[in-house]
Amino acid sequence: MEYNFREIEKKWQKYWLENRTFKAEIDYSRPKYYVLDMFPYPSGTGLHVGHPLGYIASDIYTRYKRLNGFNVLHPMGYDAFGLPAEQFAIQTGTHPAVTTGKNILRYREQLDKIGFSFDWDREVKTSDPAYYKWTQWTFIRLFKHWYNNKTQKAEPIDDLIRIFLKEGNGTIDAACTSEWQKDIQKKDPSFPEKWNGIFTADQWKSFTEKQQQEILMNYRLAYLSEAMVNWCPDLGTVLANDEVANGFSVRGGHPVERKLMRQWFLRITAYAQRLLDGLETIDFSESLKEMQRNWIGRSDGAEVVFPVKGTNFALDIFTTRPDTIFGATFMVIAPEHELAEIIATDDRLSAIKEYIDRVKNRSERERMTEVKKVSGEFTGAYCINPLNGKDIPIWVADYVLAGYGTGAIMAVPAHDSRDYEFAKHFGLPIVEVVSGGNISESSYDAKEGTLINSDFINGMEVQQAVKTVIRRIEEMNIGKGKVNYRLRDAIFSRQRYWGEPFPVYFRDGIACVLDESELPLVLPEVDTFLPTETGDPPLARAKNWVTSEGYPYETSTMPGFAGSSGYYLRYMDPRNDHEYFSKESNEYWQNVDLYIGGSEHATGHLIYSRFWNKFLFDIGLACKDEPYRKLINQGMIQGRSSIVYRLKGSNRFVSYGLRDQFDITEMHVDVNLVKDDVLDTDAFKKWRPDLADAEFILEEGNYICGFEVEKMSKSLHNVINPDDLIENYGADTLRLYEMFLGPLEQSKPWDTKGIEGVFRFIRKFRRLFHNHENEFFVSEEEPSAAELKILHKTIKKAREDIERFSFNTAVSSFMICVNELSDPKCCKRAILEPLCILVSPYAPHLAEELWEKLGNTVSISNAPFPVFNEEFVAEDTFRYPVSFNGKMRFQLDLSLDLSSDEVEKLVLQAEESQKWLKGNTPKKIIYVPKKIINIVI
RNA sequence: GCCCGGGUGGUGGAACUGGUAGACACGCAGGACUUAAAAUCCUGUGCCUGUAGAGGGCGUGCGGGUUCAAUUCCCGCCCCGGGUACCA
């Protein structure tokens, strides 16, 4: 065989493994570089061609950095806890650890075949107790810390207790659960009613231990709280906000409802501002940063107190438009608002109760679909506008959310589209206070214009009016400027089996964490993976799921993002059993220089992970406050589905071109039965039993299929398996082709046809090193100027392209180079050896093979990247495009050392020019050296 | 609705800071080698027109603008993909 890729690739994969070629160790003599791929979840279906795209890109970059003298950390491991293995366990009884172990083996096998340069000695699995020990450890640290808003960092809870003992909590500015004192008071009436939550040192000392712990819980960064959560009955668990889309679970698409439950939370909201600010310092795509910004959702505004007329109550409202306060014509509170029923007048009370009841009992699904339906009820009560004393009616409506701001708003229909809809629907007044719109048609929401009908801010521009009103309400002591975030604390409990157990037990109802020396708390065995009859999570089935003192352990487990939040740090020192990672390893590897993965993790993993890291930074563990310096989202590889056209209600199929003449239904057919859009009709009949007697209406003797570009998925029968391609073309060709397909970040359809071109290239490249008899042969002859020019042009391009992650154009430049060298059949070592290094990150197996044949005894992976030499590509002439009025008409070779006057003269003298000048004298001649000559007539 | 990203031949794509639009491939057509096929190699290939191995016109989603020159910059619009959705 001319090019025996099977043998070559097996040989070098074995060599790399046996020689630990890619083992990364701390080496102060070389600069470090850290390249990371997003943690894969080892699913049962294995990899399709879309999965390795990012891995190939990162591997190429890794190998490139090694060639440039960097000590590269490039690890791989598995996000091994997760729902699919557990769902499978429920169905079949197979332990998730068994399923996961099997899937990991399959993944590893597939990854190995592609020839990645991972340091496998650093492999981690989140389900391994030696790994999750540190996930549990971090949880304990979070539990034992609070967030000090004054210093803007996490501090030990013991320090907080010390302050409580000395001066109470009056001076503390902490990130804590809002209105926590109300919840505590509800549960424990020994706290004063209407307590504002402030206590003195003496009061603190007088609290029972249980009371103290209840209070501290509201300060901890990992805390237990009762809250409305996303409950998914089909999965039997609670889900985080990013795991829910449109009222359904992202994984599996099961309906999700709102439920009040006691859960563990992580106080990520404490870090909202830092998570936002950090985005300015990292190199992520603009769209990803924007997604994170929206998810964090900072809004600047003011909180204002509106007294409720004739009562001692007041409505606290949040608004981003304090400037429009004179246009507030009604107030709206959320149905869950505590004052809703209290302030309602007797005649309105039953209507209000009925409305609240109706709204509450709706499913999340109904709520979502009814979003555009305006509904609400008047409470009968009025607020007093604190700036002009006017009465404003108070309504209850579900378009105001209890969970955001204060759950109450001042409605300004003239300048808020939602308020406008509401006002129109219920016939409430609309008062224009910012000029610039036409409020008879729609609200004018823009934050620009001049204030009118607004007392002391009349004539001001919006920005100035906002500031003025905030200053005024602060002076009057009826409100203050305020920043709100949309980001919610992360729900950290899952009522599932296959996850990290919480290192938590309950002593007399008080949640306590284990001592760090007792970690890991190993996941116990259970008889079945289902919840108990009483609805408790599967861990409640475990025998002796209690501490040595007999206190019960927490029965929830941690969510998927727990194990993946800090994994990049563990890779630095993965076998350390007495600390998360050593200080030395962290100070050497620092953080990830290049992170490649899908954008679907924008609001999940990538936010949690940044939060987790900032916490570890605060407590002095991580030396960098951002985990990922640069991130690239690889685009999706879409499938190219093949479609056949079935005559309705029959087993006859009509070819693509004739389908319009019949009444047909479309059907996806397995792409493996189709070649160049021609269906293999015999294979089709054998595909499924019901198709055995299929008949075909052909065109020109063939059945032609239609096609559709869509998601690559099993159900659409368009999955391309990399194993098959490697079998037919080899891993080097697969690697090159995945890169050649198009820009890394763009989505693009997979089309197997194109792989032939790359396969041709790689054989042509190999042929440069072989003679006609297919024997390895290179000559020691001095290279010609032309050959050196080809080589150095390619060195330059290869480096520039890889530096900007333009792998597709780099592959093209190799093709051009090999085409140009093939013409004179260059076989000179001085050209081929550097070229071999250039290609090696992309096609490492063949490069190693040729490198060895060239007489090298050590792996090509640490060879020096060829140095570009300008001299070899220098030109003394340039072929100028000559344009007339901007249209290119002819080309002209000119020496580069001519003056612009000489150039102008020569151009005008050129024979071709006469034709275009048509006797005119040019008005102007533009001459841009090494670019263009343009003659304006 | 709002926020991002994107629209270039039959197809994937290239053109990096405004300077020869369509590199490199696929596909297609023709040719060489071969009994034949595969493999390999050569030639052509944006569209229209044409005296067809000359020449010309049009052309980067659409309509304008700036410029000697626009795929690239500006304004307005259309379409596709992603995110988000009563967040005040």
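The chains referred to below are lettered A, B, ... by the order of the sequence lines, with proteins before strands, and numbering in each begins at 1. Side chains included, hydrogens not; waters and symmetry mates left out as well; all remaining heavy atoms used.
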Validation: residues 322-336 of chain A side-chain donor-acceptor distances under 3.5 Å, sequence neighbours left out:
unit_1	atom_1	unit_2	atom_2	d
A/Asp323	OD1	A/Arg321	NE	3.1
A/Asp323	OD2	A/Arg321	NE	3.4
A/Asp323	OD2	A/Arg321	NH2	3.1
A/Thr324	OG1	A/Arg321	O	2.8
A/Thr329	OG1	A/Pro429	O	2.8

All ring-ring contact (aromatic ring centres under 6.0 Å, His included) counterparts of A/Phe318, not counting sequence neighbours: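 Applying ring-ring contact (aromatic ring centres under 6.0 Å, His included) to A/Phe318 gives none.
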Check nucleotides 37-40 of chain B against the protein and report each pair of N or O atoms closer than 3.5 Å, with its distance, or say if there are none.
unit_1	atom_1	unit_2	atom_2	d
B/U40	OP1	A/Arg763	NH2	3.0

For nucleotides 11-14 of chain B, list the nitrogen or oxygen atoms of the protein found under 3.5 Å from its nitrogen or oxygen atoms, one pair per line.
unit_1	atom_1	unit_2	atom_2	d
B/G12	O2'	A/Leu741	O	2.5
B/G13	O3'	A/Asn808	ND2	3.3
B/A14	OP1	A/Asn808	ND2	2.9

Looking only at the aromatic ring of each residue, does the gap between the centers of A/Tyr737 and A/Trp750 stay below 6.0 angstrom?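 Between A/Tyr737 and A/Trp750, which both carry aromatic rings, the centre distance is below 6.0 Å.
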Would the A/Phe814 and A/Tyr842 ring centres measure less than 6.0 Å apart?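 Between A/Phe814 and A/Tyr842, the centre distance is under 6.0 Å.
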Contacts of A/Glu820 that satisfy salt bridge (charged side-chain N to carboxylate O under 4.0 Å, His left out) - sequence neighbours left out: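 So A/Glu820 forms a salt bridge (charged side-chain N to carboxylate O under 4.0 Å, His left out) with A/Lys793.
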Not counting sequence neighbours, which residues clear salt bridge (charged side-chain N to carboxylate O under 4.0 Å, His left out) with A/Arg889? List them please.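 Salt bridge (charged side-chain N to carboxylate O under 4.0 Å, His left out) check on A/Arg889 returns nothing, list empty.
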Salt bridge (charged side-chain N to carboxylate O under 4.0 Å, His left out) partners of residues 284-294 of chain A, not counting sequence neighbours, each pair once: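 As it turns out, the salt bridge (charged side-chain N to carboxylate O under 4.0 Å, His left out) pairs with a partner in residues 284-294 of chain A, which skip direct neighbours, are A/Glu280-A/Arg293, A/Glu286-A/Arg293, A/Glu290-A/Arg293.
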Taking only residues at least two apart or on different chains, which pairs with a member in residues 926-937 of chain A satisfy salt bridge (charged side-chain N to carboxylate O under 4.0 Å, His left out)?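 Checked against salt bridge (charged side-chain N to carboxylate O under 4.0 Å, His left out) - neighbours excluded - no pair reaches residues 926-937 of chain A.
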What are the atom names and distances for every N/O pair under 3.5 Å that joins the protein to nucleotides 65-71 of chain B?
unit_1	atom_1	unit_2	atom_2	d
B/C68	O2'	A/Asn934	ND2	3.1
B/C68	O2	A/Asn934	ND2	2.7

Indicate for each nucleotide in nucleotides 52-58 of chain B, in 5' to 3' sequence, whether protein heavy atoms under 4.0 Å reach the base (B), only the sugar-phosphate (S), or nothing (-). ---SSSS
Dot-bracket encoding per residue of RNA chain B, Watson-Crick/G-U cut-off under 3.5 Å, | denoting interstrand: (((((((..(((......[....)))((((((.......))))))((((.....))))..(((((..]....))))))))))))....
Report the residues that fulfil side chain to side chain contact (heavy atoms under 4.5 Å, CB included) with A/Gln638, sequence neighbours left out, ordered by chain and then residue number.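 Counting only residues at least two positions away or on another chain, A/Gln638 forms a side chain to side chain contact (heavy atoms under 4.5 Å, CB included) with A/Met636, A/Val709, A/Ser747, A/Pro749.
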